Amino acid sequence: MEHFLNYIADAWTDAGRALTVHNPASGQPCATVAQAELADADRAMAAARACVNRRSLTDVRPAERVGWMLNAARAIREIADEGARVCCMENGKRLQDARDEFTEAARYFEYYAGIADKLEGTAIPLGKAYLDFTEYRPHGVSVQIVPWNFPVSICARSLAPALAAGNAVVIKSPELSPLAMTLLVRAVADAGFPAGSVQLLCGEGKTVGHCLATHSEVDQIVFTGSVATGQSILRAAAEKATPSVMELGGKSAAVMLPDADLDVLLDSVRTGIFFNAGQVCSAMSRLLVPASRYAEVKKAVVAMTESLVIGSGDEPGTDLTPLVSARQQQQVLSMIEMARAEGATRLTGGYAPDRPGYFVAPTVLEATPEMAIAQQEVFGPVLVLIPYDSPEQAIAIANGTCFGLVAGVFGQNMDATLGMARQLRAGQVFINEWFAGGIETPFGGTGLSGFGREKGQEAIYSYVQTCNIAIRLRT
Ligand code: NAD
């Protein structure tokens with residue numbers, strides 16, 4: 001089995017212990033990775049601090065950073081095929097989707113390369129006696145804690161703007177899916193950035209992750225993961241008032257309006273909840289359907305769901321891939337069981353297919369809005385159908401969870417569709433296509449889905465702080 005290393009202080013580094021990574025499609029071990037310990041975390045933070053202190057990322061002309069960013073983007077594109085195979089093996093996702101992660105990662109580097117030399121401050125008029133201006137300064141050492149569901153693209157989503165703005169970065173990769181990120185970091189590490197700009201560690205969240213987030217050298221935390229972990233990091237961050245970006249979970253609703261096109265809706269349901277086996281923070285986990293069309297939509301959604309092909313990510317034609325681990329599979333199955341015990345109706349799926357690997361059949365449940373299955377994140381291929389009687393009721397149900405990551409509206413009358421979209425509590429609202437948008441469009445949550453924005457031009461401001469310089473002139 002191949003053994004993967006950590007990257008600390010510009011060297012690929014082993015550790016005393018190793019974590020075994022399993023292929024979710026077979027349940028078999030497929031590789032090992034060096035398991036960082038607290039001393040490794042200290043060394044990584046020290047290397048990042050030394051990079052910040054040398055000012056080699058910040059004192060150069062920004063055009064130099066643009067060059068490094070573009071080198072990284074090119075190198076990421078070159079390793080996309082190799083990286084995709086590793087990502088598919090460790091994570092279970094479809095090979096093409098794994099490849100798309102690398103393409104997206106390259107796009108993040110290209111996109112933020114375009115901003116690296118345009119972080120312009122403002123001159124503020126204060127009259128003849130003063131010259132006043134603002135400049136954007138990087139935080140310094142950015143600790144980035146990444147989840148397993150899109151390890152490559154989520155890693156690049158924070159790493160690219162952080163480097164573009166001149167931060168040194170320490171990345172904590174997820175225990176379940178740390179391998180493909182190693183290839184990503186190798187591409188970035190060879191792109192010309194100054195010594196100590198990037199470190200990568202795989203280690204336990206509650207030890208190494210906690211150590212990084214509470215470290216004396218941390219200047220910023222970017223956390224993507226579960227609400228519970230985010231809350232524990234925020235409590236720890238309060239100690240030093242460390243600026244944080246929190247990208248947490250979701251229970252996102254699509255609202256179908258009475259005039260919606262059923263085929264358009266079905267396409268979005270297919271990707272919205274079944275892409276990546278539903279292990280997507282912005283998954284369409286609830287579908288709100290007008291009572292007048294409920295019977296028709298229920299039948300069509302169940303038929304589409306039952307047509308999906310279950311298979312491993314490297315089998316051509318697969319629609320529904322395995323969950324990442326046996327634990328995640330058990331968690332999803334037990335949430336379905338609890339939903340049925342609470343009175344939800346199983347329309348299809350709800351079981352583990354009889355095959356090796358961590359599969360759960362694509363599942364559709366009928367539930368009422370207050371049931372746990374309609375309130376809590378499942379992080380699996382489970383859609384909850386909920387009928388509604390009026391637009392006001394649909395808005396109340398859609399907004400009636402503690403989350404607010406994304407939402408969607410499907411309809412043909414733009415006044416009604418946009419009117420509904422504007423009343424949904426979410427950081428991003430899709431109209432007539434779930435996952436519309438891209439790396440160019442700001443993304444992030446409200447409520448327990450977190451705060452701060454990633455993606456788009458707006459995200460760069462998560463990676464800098466404004467300094468105002470006010471000069472009294474001798475006039
Ligand atoms: P998780 O919170 O268990 O783990 C995320 C990361 O945090 C891992 O690297 C883990 O090792 C680390 N970690 C765990 N405990 C820690 C601690 N005490 N201190 C510091 N780090 C710690 O989440 P997960 O199961 O890997 O990911 C699934 C969750 O992530 C879901 O809730 C999903 O909605 C969310 N998510 C959100 C987004 C987004 O952009 N909003 C994207 C992907 C996933």
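Just so it is clear, the values below take in all heavy atoms, side chains as well, and ignore hydrogens, waters and symmetry mates. All values reported here derive from a predicted model rather than from experimental measurement. Both counts, for ligands and for their atoms, begin at 1 and track the order of listing.
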* Asked: Please state which protein non-hydrogen atom is closest to atom 37 (C) of ligand 1 and give its distance, to 0.1 Å?
  -> Leu248 O, 3.0 Å
* Considering the heavy atoms of Thr224, write down every atom of ligand 1 situated less than 4.0 Å from one of them. => 5 (C), 37 (C), 38 (C), 39 (C), 40 (O), 42 (C), 43 (C)
* Asked: Can you tell me the protein heavy atom closest to atom 17 (C) of ligand 1 and the distance?
  -> Gly205 O, 3.3 Å
* Enumerated ligand 1 atoms positioned under 4.0 Å from heavy atoms of Ser232 -> 18 (N)
* Structure fact -> Nearest non-hydrogen protein atom to atom 35 (C) of ligand 1, with distance, is Gly225 O, 3.1 Å
* Asked: With a 4.0 Å cut-off on heavy atoms, is Ala213 touching ligand 1?
  -> no
* Region of Val280 engaging ligand 1 - heavy atom pairs below 4.0 Å -> neither
* Could you establish whether Gln279 and ligand 1 come within less than 4.0 Å of each other, counting only heavy atoms on the residue side? => no
* **Between Phe379 and Trp148, ring centroids under 6.0 Å** => yes
* Asked: Which ligand 1 atoms are under 4.0 Å away from a heavy-atom of Glu175?
  -> 10 (C), 11 (O)
* **Nearest non-hydrogen protein atom, atom 27 (O) of ligand 1** => Pro147 CB, 3.5 Å
* Are Val169 and Ile171 side-chain neighbours, meaning at least one heavy-atom pair lies under 4.5 Å? -> yes
* Under 4.0 Å to a heavy atom of Ile145 - the qualifying atoms of ligand 1, by number -> 6 (C), 7 (O), 9 (O), 12 (C), 20 (C), 21 (N)
* To do: Please report which non-hydrogen protein atom sits nearest to atom 40 (O) of ligand 1, along with the residue it belongs to and the distance in Å to one decimal place.
  => Arg157 NH2, 2.9 Å
* Please indicate whether any nitrogen or oxygen in Glu377 is less than 3.5 Å from any nitrogen or oxygen in ligand 1. => yes
* Could you tell me the separation between the CG atom of Leu385 and the CD atom of Glu366, rounded to the nearest 0.5 Å? => 6.5 Å
* Under 4.0 Å from ligand 1, counting heavy atoms only, is it the side chain of Val146, its backbone, both or neither? -> backbone
* Asked: Is the closest side-chain heavy-atom distance between Phe150 and Gln279 below 4.5 Å?
  -> no
* **Interatomic distance, Ser462 atom OG to His139 atom NE2 [nearest 0.5 angstrom]** => 7.0 Å
* **Any side-chain heavy-atom pair of Glu90 and Val324 under 4.5 Å** => no
* Geometric class of the Phe430/Trp434 ring pair [parallel <30°, tilted 30-60°, perpendicular >60°] -> perpendicular
Could you list the donor-acceptor pairs under 3.5 angstrom formed by side chains in residues 173-186, with sequence neighbours left out?
unit_1, atom_1, unit_2, atom_2, d
Ser173, OG, Leu201, O, 3.3
Glu175, OE1, Lys172, NZ, 3.4
Glu175, OE2, Gly205, N, 3.0
Ser177, OG, Asn91, ND2, 3.1
Thr182, OG1, Pro178, O, 3.2
Thr182, OG1, Leu179, O, 3.0

* **Close-contact set for ligand 1 against Ile154 heavy atoms, below 4.0 Å** => 42 (C), 43 (C)
* Any idea which atoms of ligand 1 are less than 4.0 Å away from a heavy-atom of His210? -> 19 (N), 20 (C)
* Asked: For ligand 1, is Phe150 a contact, meaning one of its heavy atoms is under 4.0 Å away?
  -> no
* In terms of residue, atom name and distance, what is the protein heavy atom nearest to atom 44 (C) of ligand 1? -> Asn149 ND2, 3.5 Å
* Asked: Does some side-chain heavy atom of Leu19 sit less than 4.5 Å from a side-chain heavy atom of Cys202?
  -> yes
* Asked: Please state which protein non-hydrogen atom is closest to atom 16 (C) of ligand 1 and give its distance, to 0.1 Å?
  -> Thr229 CG2, 3.2 Å
* **Protein residue, atom and distance nearest to atom 2 (O) of ligand 1, heavy-atom basis** => Ser226 OG, 2.6 Å
* To do: May I ask you to establish whether Arg107 and Phe109 are in a cation-pi arrangement, using a distance under 6.0 Å from NZ or CZ to the six-membered ring centre and at most 45° from the ring axis?
  => no
* **Near-ring test Tyr136/Tyr461, centroid separation under 6.0 angstrom** => yes
* To do: Could you tell me whether atom 23 (O) of ligand 1 has a protein heavy atom closer than 4.0 Å?
  => yes
* Enumerated ligand 1 atoms positioned under 4.0 Å from heavy atoms of Gly209 -> 19 (N), 20 (C), 21 (N)
* Asked: Which pair of non-hydrogen atoms, one from Ser449 and one from Gly249, has the smallest distance, and what is that distance?
  -> OG-O, 2.7 Å
* Inspect the contact between Glu440 and Lys455 and indicate whether a charged nitrogen and a carboxylate oxygen are less than 4.0 angstrom apart. => no
